[in-house]
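Quick caveat, the model's predicted, so the values are computed rather than measured.
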Amino acid sequence: LQCVREPYELPEPKLSEQFADSFPYTLTPDQMTAIADISKDLQQDSPMDRLVIGDVGFGKTEVAMRAMFHVASTGGGVFMLAPTTVLAKQHAANLAVRFRPLGLNVELITRHITGSKQKKILDDFKSEEVNIVVGTHKLVNLDESYYNNLKLLVIDEEQRFGVKHKDQISALKAEVDVLTLSATPIPRTLHMAMSGFRDASLVQTPPPERRPINTILAPINEDDIRKAIEHELARNGQ
């Protein structure tokens with residue numbers, strides 16, 4: 001049975017322009033195509049289930065941010081699910097920089113956030129004072145009432161979550177739109193995309209300033225490890 005939801009209106013053009021201008025780089029052709037695919041999905045009357053496949057550093061997160069903006073700016077609540085606390089924190093910080101100037105509130109829920117603070121964030125999400133919540137799998141086992149305003153679920157690094165986790169949250173609200181990001185999709189996901197059960201967008205064009213990753217295979221040596229870490233810290237690298 002095909003679920004139906006109200007199509008999303010296009011965001012207000014001035015707000016869209018302001019959000020797009022806050023991205024400090026030029027979108028690649030693949031990013032633009034993926035963003036257009038998602039915008040088209042959101043203007044349909046059936047929930048989106050789209051997979052965005054692209055290598056690390058090719059700009060999948062920016063594609064997801066455009067989807068979040070489309071939904072959040074027209075009144076829908078968004079969850080972004082990350083596989084680790086570190087990645088969740090990183091996403092929350094990046095999202096806050098982009099969304100808060102537009103009056104859209106971003107909050108983080110992880111095991112390091114106290115229970116009372118988590119409840120306050122979720123209550124604010126329920127009352128639409130918080131628009132976007134970033135978190136780990138903690139977001140999939142909430143009281144059902146907290147999902148009433150959930151319109152878009154973004155799953156980052158999909159291959160690192162169990163099928164059970166993803167299906168749990170989708171099952172709670174049949175009309176939720178789902179956007180999945182993956183560098184290395186699991187066979188089940190890839191099969192669904194290739195069979196036409198899920199839509200897929202490929203982000204294969206590297207950004208112009210992206211350097212190729214240099215991989216070195218060598219015996220463990222603490223001096224080499226220390227030098228590599230010091231080098232990255234000195235250049236604000238990862």
Side-chain angles (χ1 to χ4, degrees), residues 5-28 30-44 47-48 50 52 54 57-82 87-110 113 117-118 120-136 139 142 146-156 169 173 175-181 201 203 207 209:
R5 56 131 171 83
E6 287 295 313
Y8 288 92
E9 294 177 11
L10 285 170
E12 203 269 315
K14 260 191 177 174
L15 209 60
S16 291
E17 195 177 321
Q18 187 182 340
F19 187 73
D21 288 347
S22 68
F23 182 53
Y25 308 104
T26 303
L27 291 170
T28 65
D30 285 353
Q31 282 178 306
M32 286 192 277
T33 301
I35 290 164
D37 289 342
I38 290 164
S39 180
K40 191 176 171 186
D41 288 345
L42 293 173
Q43 291 173 73
Q44 305 299 315
M48 170 176 69
R50 182 167 292 275
V52 177
F58 277 37
K60 299 188 297 296
T61 305
E62 182 61 25
V63 171
M65 280 200 201
R66 302 298 172 104
M68 293 179 192
F69 169 74
H70 193 143
V71 172
S73 66
T74 50
V78 180
F79 277 1
M80 185 174 194
L81 209 55
L87 195 54
K89 282 176 73 174
Q90 187 179 321
H91 279 317
N94 291 336
L95 264 58
V97 168
R98 299 287 298 284
F99 285 97
R100 281 181 181 160
L102 305 177
L104 296 169
N105 292 321
V106 179
E107 292 289 352
L108 172 69
I109 286 184
T110 68
I113 309 292
K117 172 75 169 161
Q118 287 185 32
K120 171 80 167 68
I121 290 168
L122 292 168
D123 286 342
D124 287 347
F125 180 78
K126 192 195 289 192
S127 63
E128 300 183 27
E129 289 174 55
V130 168
N131 309 94
I132 300 170
V133 178
V134 183
T136 56
L139 292 179
L142 304 175
Y146 289 123
Y147 298 105
N148 289 339
N149 189 43
L150 178 64
K151 303 298 181 189
L152 172 65
L153 170 66
V154 178
I155 304 170
D156 191 24
I169 200 165
K173 202 162 171 53
E175 65 268 29
V176 72
D177 289 87
V178 180
L179 182 64
T180 303
L181 313 178
S201 298
V203 179
E209 68 283 348

| task | List the steps and the verdict of side-chain hydrogen bond (donor to acceptor under 3.5 Å, both in side chains) for S201 and R50. | result | CA-CA 7 Å; S201 298; R50 182 167 292 275; 2.9 Å; yes

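- Smallest separation of non-hydrogen atoms from Q31 and T28: OE1-N, 2.9 Å.
- Under a 3.5 Å cut-off, the side chain of S39 and the backbone N or O of I35 do not form any donor-acceptor pair.
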| field | Verdict with supporting geometry, D123 and I121, side chain to side chain contact (heavy atoms under 4.5 Å, CB included) | value | CA-CA 6 Å; D123 286 342; I121 290 168; over 6 Å; no

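- Remark: the backbone N or O of E9 is not paired with any side-chain donor or acceptor of Q43 at under 3.5 angstrom.
- Contact check for I38 versus V63: side-chain heavy atoms found under the 4.5 Å cut-off.
- Annotation: Q44, atom CD; neighbour count of heavy atoms from other residues, nucleotides and ligands within 6.0 Å is above 12.
- To the nearest 0.5 Å, atom CG of residue D37 and atom CE of residue M32 are 12.5 Å apart.
- Atom CZ of residue F58 and atom CG of residue D30 lie 9.0 Å apart, to the nearest 0.5 angstrom.
- Here the straight-line distance linking atom CZ of F99 with atom CG of N94 works out to 11.0 Å at 0.5 Å rounding.
- Side-chain atoms of V78 and V133, non-hydrogen and from C-beta on, never get closer than 4.5 Å to each other.
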| Passes side chain to side chain contact (heavy atoms under 4.5 Å, CB included), V178 versus V176? Steps please. | CA-CA 6 Å; V178 180; V176 72; 4.1 Å; yes

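- Counting only heavy atoms from C-beta outward, the side chains of L95 and M80 approach each other to under 4.5 Å.
- Salt bridge status for R98 with E62: present, with a side-chain N to carboxylate O gap under 4.0 Å.
- Checked by atom type and distance alone, the side chain of D177 pairs as donor or acceptor with a backbone atom of M48 at under 3.5 Å.
- In this structure, CG in D156 is found 7.0 Å from NZ in K60, a value given to the nearest 0.5 Å.
- Listed here is the closest heavy atom pair of F79 and L122: CZ-CD2, 4.5 Å.
- Residues D124 and K120 have side chains in contact (heavy-atom distance under 4.5 Å, counting atoms from C-beta outward).
- Between V154 and L81 the shortest side-chain heavy-atom distance does not fall below 4.5 Å.
- A distance of 13.5 Å separates CZ in F69 from CG in L152, rounded to the nearest 0.5 Å.
- Within 6.0 Å of atom NZ in K126, more than 12 heavy atoms from other residues, nucleotides or ligands are found, so the atom counts as buried in its surroundings.
- Going from atom CG of L102 over to atom OG of S73 covers 8.5 Å, rounded to the nearest 0.5 Å.
- Between R66 and F23 the shortest side-chain heavy-atom distance falls below 4.5 Å.
- Contact between A34 and V203 at its shortest, heavy atoms only, is CB-CG2, 4.3 Å.
- Counting heavy atoms from C-beta on, the side chains of N131 and V106 never come closer than 4.5 Å.
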| What's the verdict on side chain to side chain contact (heavy atoms under 4.5 Å, CB included) for R5 and L42, showing C-alpha distance, side-chain angles and the deciding distance? | CA-CA 10 Å; R5 56 131 171 83; L42 293 173; 4.2 Å; yes

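- Under the 3.5 Å distance criterion, the side-chain polar atoms of Q118 are matched with a main-chain donor or acceptor of T110.
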| task | Begin from the C-alpha positions of T180 and V52 and carry the test side chain to side chain contact (heavy atoms under 4.5 Å, CB included) through to its verdict. | result | CA-CA 6 Å; T180 303; V52 177; over 6 Å; no

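- Panel note: side chain N149, backbone E128; no donor-acceptor pair is recorded below 3.5 Å.
- Using a 4.5 Å cut-off on side-chain heavy atoms (C-beta onward), L179 and L153 make no contact.
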